[in-house]
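Scope of the values below: all heavy atoms of this structure, side chains included, with no hydrogens, waters or symmetry mates. As the structure is a prediction and not an experimental result, all values here were calculated from the model.
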Amino acid sequence: MIIDFKIQEDEYGYYVVAYRNLGGVQLVFETNKTIATTLNLFEDEYKEFIHCEFGSDKVSKNQKMHFKDYEKAVACRDRLRDLIPKAIETGNLFLAQ
């Protein structure tokens, strides 16, 4: 896959990050802004989508949308993975080089 998502954890809970491997280096997009840019969204749109669709905390902490429940984070990760082929097909995926 050209870009993938994984779950990480910090003191505020679980959150989803995007990553891609490029020339043997893993590029990680952790913040709301970098993930939103990758998905060709405004940051506020991304935050609202994650909160409304998956039940993340309403207010981001550390520029990340956190989940108290691991299963909700998994559902978010999986749904974001499903969006990538559609984003590629429609040209709505921005991948920095």
Side-chain angles (χ1 to χ4, degrees):
M1 185 174 274
I2 194 165
I3 190 166
D4 201 3
F5 299 89
K6 60 185 172 183
I7 299 168
Q8 295 190 344
E9 183 180 17
D10 64 13
E11 65 271 18
Y12 300 111
Y14 303 100
Y15 60 98
V16 177
V17 300
Y19 70 95
R20 74 184 283 222
N21 293 312
L22 186 63
V25 176
Q26 187 175 83
L27 303 174
V28 180
F29 308 97
E30 287 191 320
T31 65
N32 297 329
K33 185 173 183 75
T34 58
I35 295 172
T37 299
T38 300
L39 297 175
N40 205 12
L41 297 169
F42 292 111
E43 183 178 357
D44 288 341
E45 291 174 330
Y46 172 75
K47 289 166 40 175
E48 184 177 341
F49 174 68
I50 298 302
H51 171 68
C52 292
E53 288 291 316
F54 306 107
S56 73
D57 293 346
K58 185 172 180 125
V59 177
S60 66
K61 299 174 189 85
N62 291 350
Q63 296 297 311
K64 301 169 189 143
M65 299 304 288
H66 288 85
F67 298 89
K68 301 283 188 246
D69 185 2
Y70 182 78
E71 286 73 30
K72 287 182 180 181
V74 168
C76 178
R77 178 201 62 199
D78 293 347
R79 177 87 180 279
L80 289 174
R81 282 179 175 165
D82 292 342
L83 290 177
I84 296 303
K86 293 174 188 168
I88 292 170
E89 183 179 309
T90 60
N92 287 324
L93 185 66
F94 173 76
L95 297 173
Q97 297 294 325

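Remark: I3 CD1 to L83 CG distance equals 11.5 Å, nearest 0.5 Å. Considering CD1 of I84 and CZ of F5, their distance stands at 4.0 Å, rounded to 0.5 Å. Within the model, atoms CG of N40 and CD of E45 stand 9.0 Å from one another, a figure rounded to the nearest 0.5 Å. Between atom OG1 of residue T90 and atom NZ of residue K86 there is a gap of 10.0 Å, rounded to the nearest 0.5 Å. Taken to the nearest 0.5 Å, the CD atom of E11 stands 5.5 Å off from the CG atom of N62.
Under the side-chain contact (heavy atoms from CB on, under 4.5 Å) criterion, N32 pairs with E43, Y46, K47, S60, M65, not counting sequence neighbours. For A87, the side-chain contact (heavy atoms from CB on, under 4.5 Å) partners are L93, not counting sequence neighbours. Here F54 pairs with F49 under the ring-ring contact (aromatic ring centres under 6.0 Å, His included) rule; sequence neighbours left out. Legend: residues meeting side chain to side chain donor-acceptor pair (under 3.5 Å) with K33, ordered by chain and number and at least two apart, are absent.
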Atom pairs and distances, donor-acceptor, side-chain atoms in residues 69-80, under 3.5 Å, two or more places apart:
unit_1	atom_1	unit_2	atom_2	d
D69	OD1	E71	N	3.2
R79	NH1	E53	OE1	3.2

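Residues Q8 and K64 have side chains not in contact (no heavy-atom distance under 4.5 Å, counting atoms from C-beta outward).
Note on L39 and F42: separate hydrophobic clusters, where clusters join Ile, Leu, Val, Met, Phe, Trp and Tyr whose side-chain heavy atoms are under 4.5 Å apart, directly or indirectly.
A donor-acceptor pair under 3.5 Å is formed between the side chain of H51 and the backbone N or O of S56. Checking side-chain atoms of D10 against main-chain N and O of Y12 turns up a donor-acceptor pair under 3.5 Å.
Through direct or relayed side-chain contacts under 4.5 Å between Ile, Leu, Val, Met, Phe, Trp and Tyr, Y19 connects to Y15, V17, V28.
More than 12 heavy-atom neighbours from other residues, nucleotides or ligands sit within 6.0 angstrom of CD on Q26. Atom CD of E48 sits in a sparse spot, with 12 or fewer heavy atoms from other residues, nucleotides or ligands closer than 6.0 Å.
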